[in-house]
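Here's the structure we're looking at; comments come further down.
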Amino acid sequence: MEKKDKLAILEDMMELEKGTLAPETELNDLEEWDSLSALSFVVMLGDEFGRKVTGQEVRNMETVQDMLNIMEREA
């Protein structure tokens with residue numbers, strides 16, 4: 001899966017307009033990034049990628065690139 005496809009998944013998850021997110025986007029700058037979005041990310045990782053993430057890893061994410069890194073790592 002290409003990076004643009006992963007960005008599209010994240011945009012859909014946060015109900016953002018297509019093309020809104022870039023790897024360097026800071027999560028704290030997004031109104032849509034909240035605890036519900038974090039939970040949605042955890043669920044999406046399991047459903048779409050068969051991956052698990054810890055609460056600490058989610059709390060440590062600062063940018064969209066951090067999210068992409070988790071999506072791309074080995075299961």
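Note that the numbering runs from 1 along the sequence shown for the chain.
Annotation for Glu11 and Lys18: closest pair OE1-CA, 3.5 Å, computed over non-hydrogen atoms. For the pair Trp33 and Val58, the tightest heavy-atom approach, listed with the atom from each and the gap, is CZ2-CG1, 4.5 Å. Here the shortest heavy-atom pairing between Ile70 and Arg51 reads O-CD, 3.6 Å. Minimum interatomic distance between Thr63 and Pro23 (heavy atoms only, all atoms of both residues): CB-O, 3.7 Å. Between Met13 and Ser37, the closest heavy-atom pair is CE-O, 3.8 Å.
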Criterion side chain to side chain contact (heavy atoms under 4.5 Å, CB included) on Asp47 and Met44, from CA distance to verdict:
CA-CA 5 Å; Asp47 291 349; Met44 179 275 300; 5.8 Å; no

Residue pair Phe41, Met14: steps toward the side chain to side chain contact (heavy atoms under 4.5 Å, CB included) verdict:
CA-CA 9 Å; Phe41 178 69; Met14 288 188 254; over 6 Å; no

Solution key, residues 1-10 side-chain donor-acceptor pairs under 3.5 Å, sequence neighbours excluded:
| residue | atom | partner | partner atom | Å |
| --- | --- | --- | --- | --- |
| Asp5 | OD2 | Glu2 | N | 3.4 |

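In terms of the salt bridge (charged side-chain N to carboxylate O under 4.0 Å, His left out) criterion, residue partners of Glu57 (sequence neighbours excluded) are, by chain and number, Arg73.
Shown here is Glu32, whose CD atom has more than 12 heavy atoms of other residues, nucleotides or ligands within 6.0 Å. No more than 12 heavy atoms of other residues, nucleotides or ligands sit less than 6.0 Å from atom CD of Glu15.
Contact check for Met71 versus Leu45: side-chain heavy atoms found under the 4.5 Å cut-off. Looking only at side-chain heavy atoms (C-beta outward), Met61 and Asn69 stay at 4.5 Å or farther from each other.
Pairs of residues two or more places apart, or lying in two chains, never qualify as side chain to side chain donor-acceptor pair (under 3.5 Å) while including a residue from residues 19-28.
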